[in-house]
Visitor: 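Below is a structure I'd like to ask you about.
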Amino acid sequence: MKIEERKVTVREVTEGYFNDAEEGVVGYDGRLDIRPKYQREFVYKDAQRNEVIRTVMKELPLNVMYWVDRGEEYEDDPDEPRYEVLDGQQRTLSLCEYVDGSFSVDDKYFNNLPSDQQAKFLDYELFVYVCNGTDSEKLDWFRIINIAGEELTDQELRNAVYAGNWTSDAKRYFSKTGCAADTLAGDYLRGASIRQEYLETAIFWAASAEGKTIEAYMAEHQNDPSAVQLWNYFRSVIDWVQAIFPKKRKEMKGLPWGLFYNQHGKRTDLDPKKLEMEIQRLMSDEDVTKKSGIYEYLLTGEEKKLSIRAFDRRDALAAYEKQGHKCAICGEEFEFEQMHADHITPWSKGGKTTPDNCQMLCRDCNLKKGAQ
């Protein structure tokens, strides 16, 4: 792991400053990605932004900034940025925007300052740590220093470690407000595209299909020219969901659809019409307390996914007294706390969570019945 301490002036950082909503933000004479393509567009509030400028004007120290060295990735393309800002993005943007004339501080734009104050501002030295090392070393280090300001998400940290053409192209699909993934699957995804949560979800699903971690998947594809393979996989997942469960419901949002697709995508026994009838029945069943679990239950048959409503304490105590404190199966006597309220007729066979369907069983008998 190599960490280099470096002093960089504001003049150097703002040289060649370029800001584009789609193409990202570049400085340092085109060698620094201040905000990479399609990354989140958080902006300091005016008060925070202005304090950065005042700090520099007073020649007080700003917090340390962190860059990641990406030079080796662009040996064949000298026009690409060599570094990427890991921590200090908003401070760097504030400096560049001020020098560029985008805002004023204390009623003065940069161009309104006397020439000596302009020079002093531009010659201010930023304290930067530049990191280079293996993927795992950089990821560990980034997590350690990611403790102040607007914290980066795990996926944003990974994006810095596995930066390259593939990651930039993947962001195009998954990391922008109104991006293709949002348009196609916004009803099925939780989180925010600009916080890289859509991208993280898509990679996790694709990686899981191959028995890999997100990091292993990104490392394997880091040098691919595009992320079209990931996008095609993601589209296959959503196409499958829409074909099997064509009616959209709020309960579908945030479910691990890619994992369902990986396991059940090739099944031929899933009839959308029959599934929809079951969904309607289960949605109206008061005993089903976890409606979002209906979809996984229909795919796997695991009743626990539905969180079937349990008997309340009053009904359980009534059954306990009615049975004379004895287990309904083995006939042994137990303390109330040692027993379980059980459905006489199981929910799966039409039994409801009502007093007349409640019996008290000891732990062992309840387990044996459940295993049958």
Visitor: Taking atom CZ as the centre, does Arg363 end up with more than 12 heavy-atom neighbours from other residues, nucleotides or ligands that are less than 6.0 angstrom away?
Guide: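 Counting neighbours around CZ of Arg363, 12 or fewer heavy atoms of other residues, nucleotides or ligands fall under 6.0 Å, so no.
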
Visitor: So for atom CG, which belongs to Asp269, do other residues, nucleotides or ligands contribute more than 12 heavy atoms lying within a distance under 6.0 Å?
Guide: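 Counting neighbours around CG of Asp269, more than 12 heavy atoms of other residues, nucleotides or ligands fall under 6.0 Å, so yes.
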
Visitor: Phe174 vs Trp231 aromatic rings, parallel, tilted or perpendicular, using cut-offs 30° and 60°?
Guide: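 Aromatic pair Phe174/Trp231 classed perpendicular.
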
Visitor: Can you tell me if CD on Glu335 sees more than 12 non-hydrogen neighbours from other groups inside 6.0 Å?
Guide: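 Result for CD/Glu335: open.
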
Visitor: Run the ring-centre check on Tyr173 versus Phe234 and record whether the distance is less than 6.0 Å.
Guide: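 Ring centres of Phe234 and Tyr173 not closer than 6.0 Å.
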
Visitor: For Asp315 and Cys358, which heavy atoms make the closest approach, and how far apart are they?
Guide: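 Looks like O-SG, 4.1 Å.
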
Visitor: Kindly say whether the aromatic ring centers of Phe311 and His343 come within a distance under 6.0 Å.
Guide: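 For Phe311 and His343, the ring centres are under 6.0 Å apart.
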
Visitor: Which ILVMFWY residues are connected to Leu361, directly or by a chain of links, through side-chain heavy atoms under 4.5 Å apart?
Guide: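 Members other than Leu361 - counting any ILVMFWY side chain reachable under 4.5 Å - are Ile329.
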
Visitor: Cation-pi check, Arg31 to Tyr28: give yes when NZ or CZ is under 6.0 Å from the six-membered ring centre and within 45° of the ring axis, no otherwise.
Guide: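 Yes - Arg31 lies over the ring of Tyr28, closer than 6.0 Å to its centre and within 45° of its axis.
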
Visitor: Could you list the residues that satisfy side chain to side chain contact (heavy atoms under 4.5 Å, CB included) with Gln117, not counting sequence neighbours?
Guide: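 So Gln117 forms a side chain to side chain contact (heavy atoms under 4.5 Å, CB included) with Leu113, Pro114.
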
Visitor: Quick one: list whatever passes side chain to side chain contact (heavy atoms under 4.5 Å, CB included) with Lys274, sequence neighbours left out.
Guide: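 Partners of Lys274 by the side chain to side chain contact (heavy atoms under 4.5 Å, CB included) criterion, ordered by chain and then number, come out as Asp271.
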
Visitor: Assess the residue pair Lys7 and Glu12 against the criterion (salt bridge (Lys or Arg N to Asp or Glu O under 4.0 Å)); give the C-alpha distance rounded to whole Å, side-chain angles, the decisive distance to 0.1 Å, and a yes or no.
Guide: CA-CA 10 Å; Lys7 296 288 183 65; Glu12 291 174 304; over 6 Å; no

Visitor: Is the closest basic N to carboxylate O distance between Arg54 and Glu51 below 4.0 Å?
Guide: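 Here Arg54 pairs with Glu51 in a salt bridge, since their nearest N and O are under 4.0 Å apart.
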
Visitor: Specify the closest pair of heavy atoms between Leu230 and Ala202, including all atoms of both residues, with the distance to one decimal.
Guide: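 Nearest heavy atoms, Leu230 then Ala202: CD1-O, 3.7 Å.
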
Visitor: Give the intermediate values and the outcome of salt bridge (Lys or Arg N to Asp or Glu O under 4.0 Å) for residues Glu296 and Lys305.
Guide: CA-CA 7 Å; Glu296 189 169 2; Lys305 302 298 180 183; 3.5 Å; yes

Visitor: With salt bridge (Lys or Arg N to Asp or Glu O under 4.0 Å) as the criterion, how do Glu303 and Lys290 come out once you've worked through the C-alpha distance, each side chain's angles and the decisive distance to 0.1 Å?
Guide: CA-CA 11 Å; Glu303 190 177 302; Lys290 186 179 179 182; over 6 Å; no

Visitor: Would you check, one step at a time, whether the test side chain to side chain donor-acceptor pair (under 3.5 Å) holds for Asn262 with Tyr233?
Guide: CA-CA 10 Å; Asn262 295 343; Tyr233 164 82; 2.8 Å; yes

Visitor: Please identify which of these residues, Phe121, Tyr17, Tyr109, meets the ring-ring contact (aromatic ring centres under 6.0 Å, His included) condition with Tyr98.
Guide: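 Of the listed residues Phe121, Tyr17, Tyr109, the ring-ring contact (aromatic ring centres under 6.0 Å, His included) partner of Tyr98 is Phe121.
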
Visitor: Using ring-ring contact (aromatic ring centres under 6.0 Å, His included) as the criterion, list what pairs up with Tyr198, not counting sequence neighbours.
Guide: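 Checked Tyr198 against ring-ring contact (aromatic ring centres under 6.0 Å, His included); zero matches.
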
Visitor: Nearest 0.5 Å, please: how far is CE in Met218 from CG in Asn159?
Guide: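 Separation between the atoms: 5.0 Å.
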
Visitor: Taking the six-membered ring for Trp, are Phe260 and Tyr295 closer than 6.0 Å centroid to centroid?
Guide: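 No.
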
Visitor: Can you list every pair that meets side chain to side chain donor-acceptor pair (under 3.5 Å) and has a residue in residues 120-131, with sequence neighbours left out?
Guide: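 Side chain to side chain donor-acceptor pair (under 3.5 Å) check on residues 120-131 returns Arg11-Asp123.
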
Visitor: Mark yes when over 12 heavy atoms from residues, nucleotides or ligands other than Lys212 sit less than 6.0 Å from its NZ; otherwise mark no.
Guide: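 Yes, enclosed.
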
Visitor: With sequence neighbours excluded, tell me which residues meet side chain to side chain contact (heavy atoms under 4.5 Å, CB included) with His264.
Guide: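 Side chain to side chain contact (heavy atoms under 4.5 Å, CB included) check on His264 returns Trp240, Arg267, Leu299, Thr300.
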
